[in-house]
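Beneath this line is the structure, given in structure tokens, with notes to follow.
Chain letters run A, B, ... following the sequence lines, proteins first, then strands; residues in each count from 1. What's counted below: heavy atoms across the whole structure, side chains too, no hydrogens, waters or symmetry copies.
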There are 2 protein chains.
Amino acid sequence: MGNSIKEAEKYCKENDLKFTPVRRKVLEILLQKNKALGAYEILDLLREAGFKNQPPVAYRALDFLVKNGFAHKIEQLNSFVGCMHPGKDHSPAFMICRNCDFVSEEEAINPSFSVSKIASKAGFKVEKAVIEARGLCHSCASSA
Amino acid sequence: MGNSIKEAEKYCKENDLKFTPVRRKVLEILLQKNKALGAYEILDLLREAGFKNQPPVAYRALDFLVKNGFAHKIEQLNSFVGCMHPGKDHSPAFMICRNCDFVSEEEAINPSFSVSKIASKAGFKVEKAVIEARGLCHSCASSA
DNA sequence: TCCTCCATGATATAACATAACATCTAGGCA
DNA sequence: TGCCTAGATGTTATGTTATATCATGGAGGA
Ligand SMILES: [Zn+2]
Ligand SMILES: [Zn+2]
Ligand SMILES: [Zn+2]
Ligand SMILES: [Zn+2]
């Protein structure tokens, strides 16, 4: 967790990317909350931390984090999570609990073998795959 | 295509659902355009066809169509497509071309295959899976 | 020094979606 | 027939998510 920040810092240094205060803060927020957050929720937390709070502040930082693999967008929720496997070139699959809103990031083993298999039939060249499952997490399923 | 309308009609009759003019028209629009359309684009087309054009008109019809499996929402695009495999209880996977915006719906063979395999490791009970690939369609990949 | 690149500040607005309440209409049933 | 009910539609307003645009600032190279 504190580790992911370190990883991001290292990666940025090695790749000439600027890990600026606001970008760092947004990543810290995402990792610390450990759940999906909307851009405007993040914005509120930035304000509390003394940063400016116009929408572009959050969206720019999020763009940076997503683009460089430090965070992901959850399309079904229009919200964002910190990456749980930073540094790796990976192909995530998300499990979103409809009861407690917890989001877990799993590795879509074999760069989405499922998806490319379907795609190849259609002659489609996949560049990125969004895989998001909705349902019940282990804990909520047990107590149901 | 005209077939999908017939299928919807039949399904609604059998299940006591009202396939009203506006619902039918929205489905016709989606099937005819054969690409992902935003709710407000649909709204414009409804207006042209003489329907009311406040946002709820489109969203209500889309809710109905999605809920009953006649259409799908493409989360990455905040837009909607007519279903290509109506009537079947199916688990779709979408291929979205970043060049020409064409969206094709494929069958995610073996619903439990890809996603639930990942999910089971995490103790997650999948109820619905969103699978959307971005990349290049056959035609755009060829001419690149 | 001064130039360039990119990040940030700031304002405005676009795009997507729903809440809430009124009205209408078809179908069940006294 | 006349009432009642449920669901569909009409209508107004507003909430939520995201981007365009132009101005300003600051680090680093020529
Ligand atoms: Zn990740
Ligand atoms: Zn849960
Ligand atoms: Zn379908
Ligand atoms: Zn294409």
Side-chain angles (χ1 to χ4, degrees), chain A residues 8-9 12-27 29-30 35-47 49-68 70-81 96 101 130 132, chain B residues 8-9 11-27 29-30 35-47 49-68 70-81 96 101 103 130 132:
Chain A
E9 200 164 53
C12 288
K13 194 163 286 176
E14 289 170 357
N15 292 83
D16 260 326
L17 299 168
K18 299 181 187 171
F19 198 46
T20 62
V22 66
R23 291 168 177 178
R24 169 189 292 265
K25 186 66 192 176
V26 171
L27 184 52
I29 288 169
L30 288 174
K35 61 169 205 158
L37 294 174
Y40 283 75
E41 291 177 87
I42 291 165
L43 210 50
D44 287 343
L45 296 167
L46 283 176
R47 184 175 28 69
F51 291 87
K52 293 299 157 82
N53 70 330
Q54 303 91 333
V57 173
Y59 282 104
R60 283 166 176 163
L62 288 165
D63 282 350
F64 173 87
L65 296 173
V66 168
K67 192 162 153 193
N68 293 292
F70 306 136
H72 300 287
K73 179 170 188 182
I74 307 296
E75 299 289 348
Q76 283 186 78
L77 303 178
N78 294 315
S79 63
F80 300 84
V81 293
I96 308 163
D101 281 338
V130 169
E132 297 176 3
Chain B
E9 200 165 54
Y11 180 90
C12 287
K13 194 162 288 178
E14 288 170 0
N15 292 83
D16 260 324
L17 299 168
K18 299 181 188 173
F19 197 47
T20 61
V22 65
R23 291 169 176 177
R24 169 190 290 267
K25 186 65 192 177
V26 171
L27 184 52
I29 287 168
L30 289 173
K35 62 169 207 158
L37 294 174
Y40 282 74
E41 291 178 87
I42 291 166
L43 211 49
D44 287 343
L45 296 168
L46 283 176
R47 184 174 29 67
F51 291 87
K52 293 296 155 81
N53 70 331
Q54 304 91 331
V57 173
Y59 282 104
R60 283 165 178 165
L62 287 165
D63 282 350
F64 174 87
L65 296 174
V66 168
K67 193 162 153 192
N68 294 292
F70 305 136
H72 300 288
K73 179 170 187 181
I74 306 296
E75 299 288 349
Q76 284 186 76
L77 303 179
N78 294 317
S79 62
F80 300 84
V81 293
I96 308 161
D101 281 339
V103 176
V130 169
E132 298 176 1

- Side-chain donor/acceptor of A/Y40 to base of D/dA18, under 3.5 Å: yes
- Item | Ion pair check, A/R47 and A/D44, cut-off under 4.0 Å | yes
- Task: State the CG-OH distance between B/N78 and B/Y40, to the nearest 0.5 angstrom.
- Result: 12.0 Å
- Message: Could you tell me how far apart B/Y59 (OH) and D/dT16 (C1') are, to the nearest whole angstrom?
- Response: 11 Å
- Message: I want to check one thing: is the phosphate of C/dC6, taken as OP1 and OP2, less than 4.0 Å away from some side-chain N or O of A/R60?
- Response: no
- Message: In whole Å, I'd like the distance from the CD atom of B/Q76 to the P atom of D/dA18.
- Response: 13 Å
- Message: Among C/dT8, C/dG9, D/dA8, which nucleotide has an atom closest to any side-chain atom of B/R23?
- Response: D/dA8
- C/dT11 C1' sits how many Å from A/N53 CG, rounded? 13 Å
- Message: Can you measure A/N68 atom CG to C/dC6 atom P for me and round it to whole angstrom units?
- Response: 14 Å
- Hey, which sits more toward the 5' end of DNA chain C by its nearest nucleotide, B/L77 or B/K18? B/L77
- dist A/I96:CD1 -> A/S79:OG (nearest 0.5 Å) comes out at 7.5 Å
- Hey, is the side chain of B/K52 poking within less than 4.0 Å of OP1 or OP2 on D/dA8, counting only N and O atoms? no
- Message: For B/P21 and A/A39, find the nucleotide of DNA chain D closest to each by heavy atoms; which residue's nucleotide sits nearer the 5' end?
- Response: B/P21
- Query: For the side chain of B/P55, counting heavy atoms from C-beta on, which of C/dA17, D/dA8, C/dA7 is nearest?
  - Reply: C/dA17
- Task: Mind calculating the distance between CD (A/E41) and P (D/dA18) to the nearest angstrom?
- Result: 12 Å
- Quick one: stems involving DNA chain D, counted as three or more successive Watson-Crick or G-U pairs, both distances short of 3.5 Å. C:1-30 with D:1-30
- Message: If I take atom CD1 from residue B/I42 and atom CG from residue B/L30, how far apart are they, to the nearest 0.5 angstrom?
- Response: 4.5 Å
- Message: B/V130 vs A/E75, test: side-chain contact (heavy atoms from CB on, under 4.5 Å). Steps then yes/no.
- Response: CA-CA 9 Å; B/V130 169; A/E75 299 289 348; over 6 Å; no
- Note on the structure: From the candidates D/dA18, D/dA20, C/dG9, the one with an atom nearest any side-chain atom of A/P56 is D/dA20
- Over how many whole Å does the gap from B/D44 atom CG to C/dA15 atom P extend? 11 Å
- Is the A/F64 ring parallel, tilted or perpendicular to the A/F70 ring (thresholds 30°, 60°)? tilted
- Message: A side-chain contact here means heavy atoms from C-beta on lying under 4.5 Å apart; do B/L46 and B/K25 qualify?
- Response: yes
- Whole-Å distance between C/dC16 C1' and B/Q54 CD? 16 Å
- Message: When you measure from the side-chain N and O atoms of B/N78 to the phosphate of C/dA15, is any distance below 4.0 Å, counting only OP1 and OP2?
- Response: no
- B/K73 has an atom NZ; how far is it from atom C1' of C/dT18, in whole Å? 12 Å
